[in-house]
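As structure tokens, the structure follows; a few thoughts come after it.
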Amino acid sequence: MAGGGFGRSALIGAGVGLVAVVVLGAVAFLAFGGLEQLNSVPERLLVVAIGEDADGSQVAAVIFTVDVSAGAVETESIDPQTKVAIPGTSYEALAEAYSFGGGEGVAAALSRAKGGKPLDWVALPQEAVVEL
């Protein structure tokens, strides 16, 4: 039965994570003016919710993209533990890129890992995430 408890916890965690992604995506989208301002909003936006690691350093706790190119809002969650290159460091997790360059550092590291140009980004401070 020990495995059942873990499976249920994992399912609940995944559900809570999905709700957080949708809510944060909507907030980020509305922060850029909502549907009336689509011409001034990037088609794809990287959203970084800031948290703290065990050492108290700021890291990207939740990372996702918001895509409005099809006229509807679509979100894609990105694992903060995705392995990336962070120049000048021995760190490898995408979450840690925030400590070395903020949202721009996360966007650049993701771009190096997946190809293409860095996405426009917005970082949500920990206080905003806690309020949500």
Side-chain angles (χ1 to χ4, degrees):
M1 267 329 245
F6 176 78
R8 181 171 183 222
S9 295
L11 184 59
I12 290 170
V16 169
L18 180 59
V19 169
V21 165
V22 171
V23 169
L24 290 172
V27 169
F29 180 71
L30 292 174
F32 279 90
L35 292 173
E36 294 85 29
Q37 300 298 324
L38 273 180
N39 290 333
S40 64
V41 177
E43 288 186 351
R44 199 156 174 240
L45 180 69
L46 180 68
V47 180
V48 178
I50 306 162
E52 289 185 358
D53 66 7
D55 298 328
S57 298
Q58 288 190 329
V59 296
V62 177
I63 306 168
F64 61 96
T65 60
V66 178
D67 190 337
V68 295
S69 61
V73 178
E74 294 182 19
T75 61
E76 176 188 352
S77 179
I78 300 170
D79 183 359
Q81 296 307 311
T82 299
K83 289 196 177 216
V84 296
I86 305 172
T89 76
S90 60
Y91 293 95
E92 297 182 321
L94 183 58
E96 296 162 333
Y98 189 83
S99 297
F100 297 97
E104 186 174 347
V106 175
L110 185 62
S111 169
R112 285 190 297 275
K114 292 193 172 201
K117 69 176 193 154
L119 296 172
D120 291 321
W121 57 273
V122 62
L124 301 175
Q126 187 172 11
E127 299 79 27
V129 174
V130 169
E131 284 185 34
L132 287 174

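Numbering starts at 1 and runs along the sequence shown. No hydrogens, no waters, no symmetry mates; every other heavy atom, side chains included, goes into these values.
Criterion: ILVMFWY side-chain heavy atoms under 4.5 Å apart, direct or through other members. Under it, V59 and I78 are not part of a common hydrophobic cluster. Cluster annotation: V84 is connected to V48 through the hydrophobic network of ILVMFWY side chains, with a link wherever side-chain heavy atoms come within less than 4.5 Å.
Here the closest heavy-atom approach between residue K117 and residue S111 is recorded as C-OG, 3.6 Å. Contact record, A109 with A85: CB-O, 4.1 Å, taken as the closest heavy-atom pair. Across all their heavy atoms, D67 and R44 have their closest contact at OD2-CD, 4.1 Å. The minimum heavy-atom distance between L110 and L46, with the atom names listed, is CD2-CD1, 3.9 Å. Pairing each heavy atom of A107 with each of L119, the nearest pair is CB-O, 3.6 Å. For S99 against S57, the heavy-atom pair with the smallest separation is OG-CB, 4.1 Å.
The ring-ring contact (aromatic ring centres under 6.0 Å, His included) analysis of residues 65-86, with sequence neighbours excluded, yields no pairs. Applying the ring-ring contact (aromatic ring centres under 6.0 Å, His included) test to residues at least two apart or on different chains, the pairs with a partner in residues 93-117 are Y91-F100.
Separation of atoms OG1 (T65) and CD (E76) is listed at 4.5 Å; rounding is to 0.5 Å. To the nearest 0.5 angstrom, I86 atom CD1 is 8.0 Å from R112 atom CZ.
Within the 4.5 Å cutoff, no side-chain heavy atoms of I63 are placed close to those of T82.
Partners of E92 according to the side chain to side chain donor-acceptor pair (under 3.5 Å) rule, which considers only residues two or more places apart in sequence or in another chain, are K83.
When atom types are taken as modelled, the side chain of E96 and the backbone of A93 share a donor-acceptor pair closer than 3.5 angstrom.
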